[in-house]
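Here is the structure we will look at.
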Amino acid sequence: MEYFGNKELLSLPKVGFLAASRVPSDEVMRCYDWAVEKSDGKQCVVSGFNSRLERDVLHFLLKGSCPIIVVLARCMYKVMPNEWLQALDNGRMLIIATTNSPRQSRQTAYTRNLYVADLSDTIYLVGASKESSLSLIPTQKPQAISIDQR
């Protein structure tokens, strides 16, 4: 594992957010509302922020002040995305690379998602249908629910 940013965020209460690549539009709107609600909270949001919906949620979170942990399914960025720089400078972001692979693969994404689930105190799985690889994420945590069940 490689870390960049504020490692102290690991000690905070964390909520994981994982979304499938295909999510019904009514769930997308609920996720946007959820992200706006979380954006100014104290709870740290953890995700790979890789699917389209996850990236949209990150956009809302970055506009707020909540702590954020990004878990990559690839090696660490050589140049950080511009939109992350302020959060990194403010000490409210941590980036974790779970592998040294230069590109994300199906296996590294699955490993990343398992790590997000393990790291989180609560996890929201969105679009985890039988066809989605998210359906394989263990949800033994009693708080593991779909975003539409909150």
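When side chains are defined from C-beta on, Leu62 counts as touching Ile68, because their heavy atoms get closer than 4.5 Å. Put simply, the side chain of Leu9 reaches to within 4.5 Å of the side chain of Leu12, judged on heavy atoms. Looking only at side-chain heavy atoms (C-beta outward), Met76 and Tyr3 stay at 4.5 Å or farther from each other. The closest side-chain heavy-atom distance from Val46 to Phe17 is not below 4.5 Å. Side chains of Val15 and Trp34 form a contact here, defined as non-hydrogen atoms less than 4.5 Å apart. The shortest distance between side-chain heavy atoms of Val126 and Glu54 does not fall below 4.5 Å. When side chains are defined from C-beta on, Lys14 does not count as touching Gln43, because their heavy atoms never get closer than 4.5 Å. The side-chain heavy atoms of Leu72 and Thr99, taken from C-beta on, include no pair separated by under 4.5 Å.
Taking the side-chain hydrogen bond (donor to acceptor under 3.5 Å, both in side chains) definition, one finds that Thr108 meets it with Ser105, sequence neighbours left out.
By the 6.0 Å contact criterion, CE on Met29 is open, its count of non-hydrogen atoms from other residues, nucleotides or ligands being 12 or less.
Between Cys66 and Val45 the shortest heavy-atom distance is SG-CG2, 4.4 Å. Counting all heavy atoms, side chain and backbone alike, Ala19 lies closest to Leu53 at CB-CD2, 3.8 Å. Ser47 and Leu18 make their closest contact through OG-CD2, 4.5 Å (heavy atoms, listed as atom of the first residue, atom of the second, distance). Between Ala97 and Cys75, the shortest heavy-atom contact is CB-C, 3.9 Å. In this structure, Ile69 and Cys44 approach most closely via the heavy-atom pair CG1-SG, 3.5 Å. Across every non-hydrogen atom of Gly41 and Pro67, the tightest pair is O-CD, 4.0 Å.
Under the 3.5 Å distance criterion, the side-chain polar atoms of Arg55 are matched with a main-chain donor or acceptor of Asn50. Formation of a donor-acceptor pair under 3.5 Å by the Asn6 side chain with backbone atoms of Arg92 is not found in this model. Put simply, the side chain of Asn90 gets close to the backbone of Gln86: a donor and an acceptor are under 3.5 Å apart. Although no hydrogens or angles enter the test, the distance criterion places no donor-acceptor pair under 3.5 Å between the side chain of Thr98 and the main chain of Arg112. The backbone N or O of Gly5 sits nowhere less than 3.5 Å from a side-chain atom of Lys7 that would complete a donor-acceptor pair.
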Discussion item. Go through it in stages, so that I can follow the logic: the residues are Asp118 and Val116, the test is side chain to side chain contact (heavy atoms under 4.5 Å, CB included), and I'd like the CA-CA distance, side-chain angles, deciding distance and then a yes or no.
Written reply: CA-CA 5 Å; Asp118 187 53; Val116 168; over 6 Å; no
Worksheet entry | Steps toward side chain to side chain contact (heavy atoms under 4.5 Å, CB included) verdict (Asp33, Glu37) | CA-CA 6 Å; Asp33 292 341; Glu37 177 186 310; over 6 Å; no
Discussion item. For a side chain to side chain contact (heavy atoms under 4.5 Å, CB included) check, start with the C-alpha distance between Leu58 and Asp56, then their side-chain angles and the critical distance, and finish with the verdict.
Written reply: CA-CA 5 Å; Leu58 178 59; Asp56 288 349; over 6 Å; no
Item to complete: Test Val57 against Lys38 for side chain to side chain contact (heavy atoms under 4.5 Å, CB included), laying out the working first.
Response: CA-CA 10 Å; Val57 163; Lys38 292 293 180 191; over 6 Å; no
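For residues 56-78, the pairs satisfying ring-ring contact (aromatic ring centres under 6.0 Å, His included) are Tyr32-Phe60, Tyr77-Trp84, with sequence neighbours left out.
Atoms CD1 and CG, on Ile96 and Leu119 in that order, are 5.5 Å from each other to the nearest 0.5 Å. Note: Lys63 NZ to Asp40 CG = 12.0 Å, rounded to the nearest 0.5 Å.
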